[in-house]
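Proteins come first, then strands; the chains are lettered A, B, ... in the order of their sequence lines, and each starts at number 1.
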2 protein chains.
Amino acid sequence: MTTNKRATIKHVAKAAGVSTQTVSRVINDRPDVSPETRVRILQIIEDLNYQPSALARSLIQQRSFTLGVVTSGLKEYIGPSRTLNGITSKAAELNYALLLEELPHFDTENIKPLLQSLLSRHVDGIVWAVPEVGDNRRWVDEILMDVPVPVVFLTMQPRARVTTVSVDNFSGGVLATQHLLAQGRRNVGHISGDLDWWEARQRKQAWQETMAKAGTKPQDRQFSEGNWSCACGEAAFNQLLQSYPEMDAVFVANDQMALSVLQIAHQKGIKIPGDLAVIGFDNITESPFFWPALTTINQDQHELGARAIQELASQIETLQRNEKIEPLNILLATELIVRESSANQ
Amino acid sequence: MTTNKRATIKHVAKAAGVSTQTVSRVINDRPDVSPETRVRILQIIEDLNYQPSALARSLIQQRSFTLGVVTSGLKEYIGPSRTLNGITSKAAELNYALLLEELPHFDTENIKPLLQSLLSRHVDGIVWAVPEVGDNRRWVDEILMDVPVPVVFLTMQPRARVTTVSVDNFSGGVLATQHLLAQGRRNVGHISGDLDWWEARQRKQAWQETMAKAGTKPQDRQFSEGNWSCACGEAAFNQLLQSYPEMDAVFVANDQMALSVLQIAHQKGIKIPGDLAVIGFDNITESPFFWPALTTINQDQHELGARAIQELASQIETLQRNEKIEPLNILLATELIVRESSANQ
DNA sequence: CTGAAAGCGCTAACAC
DNA sequence: GTGTTAGCGCTTTCAG
């Protein structure tokens, strides 16, 4: 915590009795430096604890090797955190640094200052790791015109002209519903997440369509809207028990709410999976340890972040070669994890 | 996603027919510009969508308004994520940008490249938001000498010459143990976290000392080591049931493991809180919805991050005024949250 | 009130 | 192989 001034390329050059250019060649591993000079300079660099300034480099090379990351919901949810983990590990692998911004709310309106903070620091690209909620993508077409770097959006309805990477919530919902039907259940209810969320709508729609295909188009009373939280999961389940008493299986849109369902069921003496099969969504760390262990749909949020960075980096490279970048919509597969809560009757 | 080149101060100056200095004065809100000139330039800035380059500024001002944040465990734990949330919100408030790095493991050895990545981008300070685990603070005294900016460490044993901000795990553990005793329980067991962690050791020690003070110095058989995970919580609890059959209360070092305890208890027909009072630690979002609702110790991880940024910013200001910075060890209070799992017999 | 010159730390382009 | 010149985009200093 001393306040050593950092050594600059000039200090090194002076100490070595060469020009800064020669030092520059050494730190950039250029071939045209005599072996002796190189060794001498490397030694001095070591002695002086010299580190090239990435800032100065960014300025002249018009490239910062820094990406902007915009996230939201770190306080309440583990999802953004897992995605961030995928982002940091892939970025480290590809040698990019990350500038992090967090939106105070999923639907924060005022994103211009945030974008400008990133752009003023010359990020090479931006990952928008905020789920699509309500109308929070309204600005995309308008503002993106003014953004001079590639942007990759996570967890958003695929659309033309924009690169998106999302988990395939629809096919995940199909997997969940089909599994319950395959277990011989016929009266399958659904507790959704907040339907303002694109993900919640996808999962619900998958349930509806899969049920319809099985010849049992669901009625309104077979469904209840939650908001992802345990509290709302309780309320939604209680409502469903009233409105859909013959229910023998329920697809719950996330594991948190599924936990509430299990707890309430115990309290009311409803046997799981005997009376009611339960499947969640997410595969959080705790779900194997629920009682009974929760059947769920695994979504790889780490991979989501990693893929986003990979795409972004590849677009940056493309641009660097003066080629045109092609928008891309990527969907990641989900996986059914069968545990006890959905076992056969 | 177009590739508009960014406008520079030169473009603005040329368009306004003034020198770049005058533009500089306007964007820095200096008084010595005629009102008309100012208005004209502001208009042009607007038209050109001009944004000053923070990079160029950082270079000349020797100050980047950027902080480095080092975290770890984003994939498995919600704690780092909550802390990060406190960091992002306080940083936004104080107008700092954040460069994020994540250690692959809590005890990653090779931290030099990571520090250099941050320093090469001229961060004004660093928050080390990684818990103290095993020997992962070994480098502090040695390496910190070479770091030319202030560093604040989170969740670490207070020590001289270093600024630390931590939750007071010891007093939290005292609160937990005292509460169980106050409920009339006498046989209080403890399931710890991974004792490689400083936090786990603090909580355990608090339990030991509080019990001793109450005249019931705990024996080895009243304790079992977990590793924070549900899986290990199960194992530890099962062991405790064997080794300490008269146990009528248990202080579990985190809420995840406490969940496992509740589940196992149900399976074995142990009544909670009748036969066994349970208290957790952390106050995760789900714990009010456990069955029964979990009594726990709340730790404010958001505040932890926010305080760290506040201290760091204040140290940076101090340095800016050429004053000396004083290392500081801050402990944040915890809070007892009483719910059903520890109710009176 | 405004401008010219110098320079933050580095590299591209050219010379020798 | 190595040095010189210019300049990335901005601010500081000084002159007027």
#### Entry: Under 3.5 Å side-chain donor-acceptor pair for Asp47(A) and Gln43(A)
yes
### Query
Reckon Ser58(B) has a side-chain N or O less than 4.0 Å from the OP1 or OP2 of dC8(C)?
no
## Note on the structure
When the rotation axes relating C1' atoms of four end pairs to the next four are compared across the helix from dC1(C)-dG16(D) to dC16(C)-dG1(D), five pairs an end, they differ to 10° by 40°
### Query
Glu36(A) near the nucleic acid: base, sugar-phosphate alone, or nothing, with a heavy-atom cut-off under 4.0 Å?
nothing
## Note on the structure
From CD1 of Ile45(A) across to C1' of dG9(C) the rounded distance in Å is 14 Å
### Query
Between dC10(D), dT2(D), dT11(C), which one does the side chain of Val33(A) approach most closely?
dT2(D)
### Query
Taking OP1 and OP2 of dT11(D), is either one under 4.0 Å from a side-chain nitrogen or oxygen of Arg63(B)?
no
### Below 4.0 Å: OP1/OP2 of dG3(C) and any side-chain N or O of Thr22(B)
yes
### Query
Is the shortest side-chain N/O distance from Ser34(B) to OP1 or OP2 of dT2(C) below 4.0 Å?
yes
### Task
Give a yes/no on whether any side-chain N or O of Gln62(A) is located under 4.0 angstrom from OP1 or OP2 of dG9(D).
yes
### Task
Report yes if at least one side-chain N or O of Arg57(B) is closer than 4.0 Å to OP1 or OP2 of dT11(D); otherwise report no.
yes
### Summary
side chain to side chain donor-acceptor pair (under 3.5 Å) test vs Gln310(B) passes for just one of Glu303(B), Gln315(B), Glu93(B), Lys90(B), namely Lys90(B)
### Query
Quick one: Arg121(B) CZ to dG9(C) P, roughly how many Å, whole number?
17 Å
### Task
Output the distance between atom CZ (Phe153(B)) and atom CG (Leu144(B)), rounded to the nearest 0.5 Å.
5.0 Å
### Query
Tell me: CG of Leu55(B) to C1' of dC8(D), nearest whole Å?
10 Å
### Any donor-acceptor N/O pair, Ser166(B) side chain to Met156(B) backbone, under 3.5 Å
yes
### Message
On DNA chain C, compare the nucleotides closest to Arg30(A) and Asp32(B); which residue's is nearer the 5' end?
### Response
Asp32(B)
#### Entry: Whichever of Leu59(B) and Arg25(B) has its nearest DNA chain C nucleotide further upstream toward 5'
Arg25(B)
### Message
Can you confirm whether the side chains of Thr163(B) and Glu311(B) place a donor and an acceptor under 3.5 Å from each other?
### Response
no
### ring pair (Phe, Tyr, Trp, His ring centres under 6.0 Å): pairs with one or both residues in residues 36-68 of chain A, sequence neighbours excluded
Phe65(A)-Tyr96(A)
#### Entry: Nucleotide nearest Ala56(B) when distance is taken to its side chain, options dC10(C), dG9(D), dG3(C)
dG9(D)
### Query
CD of Gln21(B) versus C1' of dT2(C): gap in Å, rounded?
9 Å
### Query
Is Ser24(A) near enough to dT11(C) that one of its side-chain N or O atoms lies under 4.0 angstrom from OP1 or OP2?
yes
### Below 4.0 Å: OP1/OP2 of dG7(D) and any side-chain N or O of Lys10(B)
no
### Query
Can you list the residues that meet the salt bridge (charged side-chain N to carboxylate O under 4.0 Å, His left out) rule with Glu142(A), with sequence neighbours excluded?
none
## Note on the structure
In whole angstroms, the gap separating P of dC10(C) from CG of Leu119(B) amounts to 13 Å
### Query
What nucleic acid atoms does Ser19(A) come within less than 4.0 Å of, heavy atoms only: base, sugar-phosphate, or nothing?
base
### Message
If I take atom OG1 from residue Thr108(B) and atom NE2 from residue His105(B), how far apart are they, to the nearest 0.5 angstrom?
### Response
5.5 Å
### Task
Answer with base, sugar-phosphate or nothing: what part of the nucleic acid does Thr37(A) contact at a heavy-atom distance below 4.0 Å?
sugar-phosphate
### Query
Rounded to whole angstrom units, what separation is found between the CD1 atom of Ile9(B) and the C1' atom of dT2(C)?
14 Å
### Message
Base of dA12(C), side chain of Gln61(A) - is there a donor-acceptor contact under 3.5 Å?
### Response
no
### Query
Rounded to whole angstrom units, what separation is found between the CD1 atom of Ile60(A) and the P atom of dT5(D)?
16 Å
### Query
Roughly, in whole Å, what's the span from NZ in Lys14(B) to P in dG9(D)?
14 Å
### Query
Which is it for Thr66(A) and Arg121(B) under the side chain to side chain donor-acceptor pair (under 3.5 Å) test, yes or no, and what are the steps along the way?
CA-CA 10 Å; Thr66(A) 304; Arg121(B) 285 175 172 84; 3.1 Å; yes
